[in-house]
Amino acid sequence: MRLDRFLANLPSHNRQQARLMLAQRRVRVDGQVVSDPLTEVREFSRIELDDKLLQLGRPARYLMLHKPAGCVSATHDLQHRTVLDLLPAALRDDLHIAGRLDFNTTGLMILTNDGQWSRRLTQPATKLPKHYLVETEDEIGEHYVASFREGFYFAFEGLTTQPAQLDILGPRQARLAIVEGRYHQVKRMFGHFNNKVVRLHRESMGAIRLDPALVPGAFRELTVGEIATV
Ligand code: URA
């Protein structure tokens, strides 16, 4: 929301008074004096007027987790362990998953309470590549590479997948970079060749790489530098 709107929405203030308070340099956002009415503020912003606290700003949280196999990418599940069950209870509140993984897929999972940030990370429009290590039942042919680049038609969604980069690492192993996260996307892409994915591991999302120090099931906070890459 724009800062002038936030201020004008306060009881006993109108738009004109909001602009005046800003011009008088009485408003601070996250400790900095702000006079531009168009400044964007969020639920995470600390906003002060003179020495009065208008909004505390809830802490934004960003975690990376090494998702193990055999765990559901959901916040609740009646049958199976979820990725949230791997976190201490005090940390789980209001987190959502930025880019789900299938039950047996392993690797980088990011959890946050910042919806704008996670949309930038996952939306195809921002074109941040997600890298996967893939193992298949049958051999991966050289001709796959062009097909992955050209895209596959997904009839259910009525769309063609965005260009994907496939690097063949061995007869049944490849690294794949995709910018989308459609339902079972990688499995469906290989399914085009009737080649079953037997192991799938996400290595990175954009510039954020799974920390090799994290064993399956372990997590850590993202660094300021990692958060800023999105
Ligand atoms: N594509 C899949 O098919 N499964 C995943 O878990 C992630 C991407």
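Computed over heavy atoms, backbone and side chain alike; hydrogens, waters and symmetry mates excluded. All values reported here derive from a predicted model rather than from experimental measurement.
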Is it true that Met1 and Leu49 fall in one hydrophobic cluster, defined by side-chain heavy atoms closer than 4.5 Å?
-> yes

Does the pair Arg28 and Val34 meet the rule for a side chain to side chain contact (heavy atoms under 4.5 Å, CB included), with working shown?
-> CA-CA 6 Å; Arg28 285 194 308 278; Val34 173; over 6 Å; no

Rounded distance [0.5 Å steps], CG in Asp4 versus CG in Leu20 = 13.0 Å

Dump the intermediate steps for side chain to side chain contact (heavy atoms under 4.5 Å, CB included) on Thr105 and Lys187, then the final yes or no.
-> CA-CA 11 Å; Thr105 303; Lys187 291 174 185 161; 4.3 Å; yes

Looking only at heavy atoms, what is the nearest atom pair of Cys71 and Val83, with distance?
-> SG-CG1, 3.6 Å

With the side chain counted from C-beta on, respond yes when Glu48 and Arg46 share a heavy-atom pair under 4.5 Å apart, and no when they do not.
-> yes

Can you establish whether the number of heavy atoms outside Tyr153 located under 6.0 Å from its atom OH is more than 12?
-> yes

Do Phe44 and Leu56 share a hydrophobic cluster (ILVMFWY, side-chain heavy atoms under 4.5 Å, transitive)?
-> no

Result of checking Leu84, Leu86, Leu210, Leu214 against Leu65 for side chain to side chain contact (heavy atoms under 4.5 Å, CB included) | Leu86

Decide, yes or no, whether a salt bridge links Lys52 with Asp50 under the criterion of side-chain N to carboxylate O below 4.0 Å.
-> no

Side-chain contact, heavy-atom cut-off 4.5 Å: Ser147 with Arg149?
-> no

Ion pair Arg175/Asp167, N-O distance below 4.0 Å | no

Closest non-hydrogen contact found for Val197 with Val186 is CG2-O, 4.3 Å

Any donor-acceptor pair under 3.5 Å from Asp85 side chain to Thr82 backbone | yes

Let me see the working for His184 and Asp102 under side chain to side chain donor-acceptor pair (under 3.5 Å), right down to the final yes or no.
-> CA-CA 7 Å; His184 293 329; Asp102 295 338; 2.9 Å; yes

Salt-bridge test for Lys130 and Glu203: reply yes if a basic N is under 4.0 Å from a carboxylate O, no otherwise.
-> no

Run through Asp93, Asp114, Asp94 and flag the one making a salt bridge (Lys or Arg N to Asp or Glu O under 4.0 Å) with Arg61.
-> Asp94

Nearest atoms (heavy-atom pairs only) where Ala174 meets Leu166 | CB-CD1, 3.6 Å

Is it the case that more than 12 heavy atoms not belonging to Gln16 sit under 6.0 Å from its CD atom?
-> no

Before accepting this row, confirm whether a basic side-chain N of the pair Arg172/Glu135 lies closer than 4.0 Å to the acidic partner's carboxylate O.
-> no

Step through the shown structure and confirm whether more than 12 heavy atoms of other residues, nucleotides or ligands are within 6.0 Å of CZ on Phe103.
-> yes

Is there side-chain contact between Gln162 and Lys127, with heavy atoms separated by less than 4.5 Å?
-> yes

Is any side-chain N of the basic residue among Arg5 and Glu40 closer than 4.0 Å to the acidic one's carboxylate O?
-> no

Within 45 degrees of the axis of the six-membered ring of Phe154 and under 6.0 Å from its centre: does Arg188 put its NZ or CZ there?
-> yes

Taking Gln32 for its side chain and Val29 for its backbone only, find out whether a donor-acceptor pair lies under 3.5 Å.
-> no

Steps toward side chain to side chain contact (heavy atoms under 4.5 Å, CB included) verdict (Leu101, Met109) = CA-CA 8 Å; Leu101 294 173; Met109 169 140 284; 3.9 Å; yes

Val27 and Leu3, any side-chain heavy atoms less than 4.5 Å apart | yes

Give the intermediate values and the outcome of side chain to side chain contact (heavy atoms under 4.5 Å, CB included) for residues Leu53 and Ile47.
-> CA-CA 6 Å; Leu53 184 61; Ile47 307 174; over 6 Å; no

Roughly how far apart are Leu7 CG and Asn14 CG, rounded to 0.5 Å?
-> 11.0 Å

Would you say Met189 and Thr161 make side-chain contact, with heavy atoms under 4.5 Å?
-> yes

Minimum heavy-atom distance Lys67-Ser73, with the two atoms named | CE-OG, 3.9 Å

Can Ile140 be reached from Leu200 by stepping across I, L, V, M, F, W or Y side chains whose heavy atoms are under 4.5 Å apart?
-> yes

If Ile, Leu, Val, Met, Phe, Trp and Tyr residues are connected whenever their side-chain heavy atoms lie under 4.5 Å apart, and connections chain through other members, are Leu159 and Phe148 in the same group?
-> yes

N/O donor-acceptor pair under 3.5 Å between Asn195 side chain and Glu139 backbone | yes

NE2 on His80 to CG on Asp77, rounded to 0.5 Å | 6.0 Å

Do the side chain of Asn104 and the main chain of Gly70 share a donor and acceptor less than 3.5 angstrom apart?
-> yes

For the residue pair Phe193 and Tyr144, does the interplanar ring angle fall in the parallel (under 30°), tilted (30 to 60°) or perpendicular (over 60°) class?
-> parallel

His76, NE2 atom: more than 12 neighbouring heavy atoms under 6.0 Å | no

Rounded distance [0.5 Å steps], CZ in Arg209 versus OG in Ser204 | 5.0 Å

Note, Phe219 side chain near Ile110 side chain (heavy atom, < 4.5 Å) = no

Would Thr112 and His96 count as a side chain to side chain donor-acceptor pair (under 3.5 Å) if you check the C-alpha gap in whole Å, the side-chain angles of each, and the deciding distance to 0.1 Å?
-> CA-CA 6 Å; Thr112 179; His96 64 265; 5.4 Å; no

Return yes if some donor-acceptor pair links the side-chain N/O of Gln55 with the main-chain N/O of Arg42 below 3.5 Å, else return no.
-> yes

To the nearest 0.5 angstrom, please state how far the CG atom of Leu128 sits from the CD atom of Gln123.
-> 10.0 Å

Under 3.5 Å, is there a donor-acceptor pair between the side chain of Arg26 and the main chain of Met21?
-> no

If you look at every heavy atom in Pro68 and Gly217, which pair is closest and at what distance?
-> CD-N, 4.0 Å

Can Arg220 and Asp211 be counted as an ion pair, charged N to O under 4.0 angstrom?
-> yes

Do Leu63 and Ile208 share a hydrophobic cluster (ILVMFWY, side-chain heavy atoms under 4.5 Å, transitive)?
-> no

Quick one: pull up CG in Leu111 and CZ in Arg92 and give me the separation to the nearest 0.5 Å.
-> 11.5 Å

Closest non-hydrogen atoms of His201 and Gly107, given as atom of the first, atom of the second and distance, are CE1-CA, 3.5 Å

Met64 side chain reached by Leu108 side chain, heavy atoms, under 4.5 Å | yes

Answer whether the closest heavy-atom distance between the side chains of Arg202 and His131 falls below 4.5 Å.
-> no

